[in-house]
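Here the structure is a predicted model, which is why all the values come from computation and not from measurement. Counting starts at 1 for both ligands and their atoms, following the listed order. These numbers come from the heavy atoms of this one structure, side chains and all, not from hydrogens, waters or symmetry mates.
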Amino acid sequence: MWGPEGLDEVEAELLGPPEELKGKDVLEIGAGAAQCSRWLAAQGARPVALDISHRQLQHALRIGGSFPLVCADAGELPFADASFDLVCSAYGALPFVADPRQVLREVRRVLRPGGRLVFSVTHPIRWAFPDEPGPEGLSVSSSYFDRTPYVEQDEDGLAVYVEHHRTLGDRVRDIASSGLRLVDLVEPEWPAWNTSEWGGWSPLRGNLIPGTAIFVCERDGGPPAEGWGSD
Ligand SMILES: C[S@@+](CC[C@H](N)C(=O)[O-])C[C@H]1O[C@@H](n2cnc3c(N)ncnc32)[C@H](O)[C@@H]1O
């Protein structure tokens, strides 16, 4: 599942035709409880589920699956160059790091030439709206251009949750500067069958403004060019 709209990979085929997933080495970053890796394994792929949170991986372990779980930072992938055919992420890692380019450079490094990265994040336009499912979530309340991160702190002032905003243009430049090629940007529409409300996600908002952005990128054959892309 790529996001709260309910678009799943069976329908989207963003990683390629399901029959071609068989035998593919796939890295899932920010895997959480590894739902995507579990589905990939069921298709005959060889997933590796990576998350920085040991706790999340404990959930993955509890739910089960016969694929490796790796506790590591997506910005420092503990794999050799060109180890994977595909890298995927549903809302994992990238919204939570201050330097997404470091993650994308690492992804490019571990992808084989011609390999593909597909990742979903909250659609950047949502940053400007309150995270409310009702009509109050439809009026702009802050600047789309304000990159100040959203931070929640505990009673000692320790940051316990941080989300970083990138505009759509920032994301495109992040991808290009990492030596990856953007081949598609999917903005799933809210489907009629999905009547659920969850946090700021609702049919009301989903029918009017996009909620998820899915970036489909490919790694070309050559080595990374010095100074690829620009700010
Ligand atoms: C919103 S959850 C998404 C989990 C899962 N992909 C899903 O679809 O349910 C985000 C995940 O990214 C992980 N994460 C955050 N920063 C990370 C980093 N730097 N490296 C690896 N994982 C990270 C979190 O621990 C969390 O499990």
Drop me the distance from [X]'s [atom1] to [Y]'s [atom2], to the nearest 0.5 angstrom.
X	Y	atom1	atom2	answer
Trp127	Asp146	CH2	CG	7.5 Å
His59	Leu69	NE2	CG	12.5 Å
Gln43	Glu20	CD	CD	13.0 Å
Cys36	Ile29	SG	CD1	11.5 Å
Leu117	Leu86	CG	CG	9.5 Å
Glu132	Ser139	CD	OG	11.5 Å

What protein heavy atom sits nearest [atom], and how far off is it?
atom	value
atom 4 (C) of ligand 1	Gly30 O, 3.4 Å
atom 26 (C) of ligand 1	Asp51 OD2, 3.5 Å
atom 12 (O) of ligand 1	Ala93 N, 3.2 Å
atom 19 (N) of ligand 1	Asp73 OD1, 3.0 Å
atom 9 (O) of ligand 1	Gln35 NE2, 3.3 Å

(message) Is the contact between Ala33 and ligand 1 made by the side chain, the backbone, both, or neither, using heavy atoms and a 4.0 Å cut-off?
(response) neither
(message) Heavy atoms only, cut-off 4.0 Å: how does Met1 contact ligand 1, side chain, backbone, both, or neither?
(response) neither
Numbered atoms and elements of ligand 1 in range of [X], under 4.0 angstrom, heavy atoms:
X	answer
Ser53	25 (O)
Ala72	20 (N), 21 (C)
Ala31	5 (C), 6 (N)
Ala90	3 (C), 5 (C), 6 (N), 7 (C), 8 (O)
Gln56	27 (O)
Gly32	4 (C), 27 (O)

Taking both backbone and side-chain atoms of [X], is any N or O found less than 3.5 Å from an N or O belonging to ligand 1?
X	value
Val97	no
Leu50	no
Tyr91	no
Ala74	yes

(request) Would you mind finding which of Val162, Ile29, Ile52, Val121 brings a heavy atom closest to atom 23 (C) of ligand 1? (result) Ile52
(message) Could you check whether atom CZ of Arg109 has more than 12 heavy atoms from other residues, nucleotides or ligands sitting under 6.0 Å from it?
(response) yes
(request) Mark yes when over 12 heavy atoms from residues, nucleotides or ligands other than Glu152 sit less than 6.0 Å from its CD; otherwise mark no. (result) yes
(request) With the side chain counted from C-beta on, respond yes when Leu168 and Phe215 share a heavy-atom pair under 4.5 Å apart, and no when they do not. (result) yes
(request) Please name the residue in the list Tyr91, Trp190, Trp201 that meets the side chain to side chain donor-acceptor pair (under 3.5 Å) test with Thr212. (result) Tyr91
(request) Of all the heavy-atom pairs spanning Pro95 and Arg171, show the shortest one and how long it is. (result) CA-NH2, 4.1 Å
(request) Give a yes or no on whether the backbone of Phe145 and the side-chain of Ser143 come within a donor-acceptor separation of less than 3.5 Å. (result) yes
(message) Under 4.0 Å, counting heavy atoms only: does Ser89 come that close to any atom of ligand 1?
(response) no
(message) Is Gly75 close enough to touch ligand 1? Criterion: a residue heavy atom under 4.0 Å from a ligand atom.
(response) no
